[in-house]
Amino acid sequence: MTIDRKEVEALIRLFERSDWHELRLETDGLKLVLSKDADAAALGSEAEAAAASAEKAPLETTRAQDDVAPVDGLVPITAPNLGTFYRAPKPGVAPYVEVGQQVGEATEVCLIEVMKLFTPVRAGINGRIAKACVEDGEMVEFGAPLFLVEPEAEAAEKA
Amino acid sequence: MALSRVFVANRGEIAVRIVRACRSLGLESVVGVSDADREGLAAELADRAVVLGPAPARESYLNANLVVHAAKATACDALHPGYGFLSESSALAGLCEREEIVFVGPRAETIERLGDKLTARAIAAEADVPIVPGSGEIRAAAEARTFAARVGYPVLMKASAGGGGRGMFVARTDADIDDGFERASAEAEAAFGDGALFVERFVEDARHVEVQIMGDGAGAVVHFGERDCSVQRRFQKVVEEAPAAALSAEARAQIHDAACRLARHLDYQSAGTVEFLYDVARGEAYFIEANVRIQVEHPVTEEVTGIDLIEEQLRIAGGGGLSVAQGDIALAGHAIECRINAEAPERDFAPSPGLIDAWRAPEGQGIRIDSHCRAGAFVSPFYDSMIAKLIVRAGDRTQAVERMSGALDAFRIGGIDTNLAFQARLVRHPDFAANSLNTRWLEDVFMPSLMH
């Protein structure tokens, strides 16, 4: 999901009219904190401080989602549940899909494994694979983008 | 083995509670959430949150494979199941055992044996724990009628495979059995995958009392006193307290001993609760069932003993054993818990999900709130409607009732319907103040009194 300037302005107007006290929105490449508090500046720094301290924790807090730079017009294929991501049907064989390849809605693009149960993920969209977002064998969470797809219509426009 | 990182396989207030206990023991915590709980307090407080799946519990919190996969992938060495969801699943405990993740709870075998109500009754009998006169497994209404004729009406029909009030009904005549049997059996089949029922003598004037026990899995067992959870609606607890002030000293000592005997008989590991039905007229307590998990109402026990039961569970799971011997456990004062739900009592307790736009919790000495909610939190329609547990402690029961009454008045929750006002009227009812109630009081006496 990408959000443009107009949408941000619309959000701010909505927020002003609402009786909400605070609104936080985080999406790919955007972090928006709106507050009606007098010391709203402190809010941002508090959030950043929290983020900084999370980085110091021994646990890896990065998520697959964070690694994806927003690219206009691309549609993600997302993980249907948490699991381990595999690009190929088994070790040593070619991946289901390569970057640049055309896919249809029913094209299988990868496997998600949960406790040795491997479930294929279908593209669910017609278009061209523009980017693979996850390394083979990595854990992905529900909703994490696995691939970015340039949808059919846009692919056609550019051609 | 000493633990270092714990996976929290639950949501809501108990997930927050477990994360906090981990922190105070210096353990890291990873919480597995559904898509609906990404922004929840547990996800915020844990060292890490991972999104298991979409909002429906079947595709997230109730999927044992998914939960264990997430625990392994995040390098957790233990898993705490909380209550509800998979907490009483021997399959989850077994899966953890196979994957060498410490399950914070009893052994899979214990869960399986106590999970089946009829097996649990047999185990209780073996351990010389008194049980309510009851039947074996019954699959037809005619068998139930035969048994009822032998012990006399009224009788209570229950599902053999599980609890929570499903498949349960009271029969006062043969016709009641004929009317209710098929529906209850179908309900049990749907909920537990097994339509078998059994019959017990129904005690008209009964209190629900239960003993909190804890075992190290190697023979050492202690109890932390008892609770009274007689205020129930449709077999769901509404208010819980510790101690059970209505019990005689003799009856109290008897249930403590019986609960410990049962736990020792099983080499019980971790926290558990042994539930009893106290027959007020006879002055006798009978075993009902054993719950193989930490319970919603555990805070009232913590308040009167000063012991953190979740920390104790984690310590046992890490091989550190019990931190207390029976002689170290002293009970002081009286504690009461009111479950605060997002529901509308005046509309037959219809759930009231939505955005909480105002939240002011009572504060002060002897007041504790276990909750995952706050202003701006969204109460999801996907899960249980409990949004907070309000717990008070005072020197004696009378003072505790007074403190609860004030705390309920001071609690302000806006944006959704809650049962705060209902609970306030309940604790101010003269019967509650006099502790003159039984398991049917709420439905037979209190609720009708609200109509006037």
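Just so it is clear, the model here is predicted, and its values are computed rather than measured. The chains referred to below are lettered A, B, ... by the order of the sequence lines, with proteins before strands, and numbering in each begins at 1.
Looking only at side-chain heavy atoms (C-beta outward), Asn81(A) and Glu59(B) stay at 4.5 Å or farther from each other. Between Glu141(A) and Leu52(B), every side-chain heavy-atom pair lies at or beyond the 4.5 Å cut-off.
None of Asn63(B), Asn65(B), Leu66(B) except one satisfies the side-chain contact (heavy atoms from CB on, under 4.5 Å) rule with Met115(A); the exception is Asn65(B).
The heavy-atom pair separating Pro54(B) from Pro80(A) by the smallest distance is CD-O, 3.9 Å.
Around the CD atom of Glu97(B), the shell of radius 6.0 Å holds more than 12 heavy atoms that belong to other residues, nucleotides or ligands. More than 12 heavy atoms of other residues, nucleotides or ligands sit less than 6.0 Å from atom CD of Glu44(B). Few gaps surround CD on Glu113(A); more than 12 heavy atoms of other groups in view lie less than 6.0 Å from it. Within a 6.0 Å radius of CD in Glu135(A), no more than 12 heavy atoms belonging to other residues, nucleotides or ligands are found.
Glu99(B) has no carboxylate O lying under 4.0 Å from a charged side-chain N of Lys116(A), or vice versa, which leaves the two without a salt bridge.
To the nearest 0.5 Å, atoms CE (Met139(A)) and NE2 (His69(B)) are separated by 7.5 Å.
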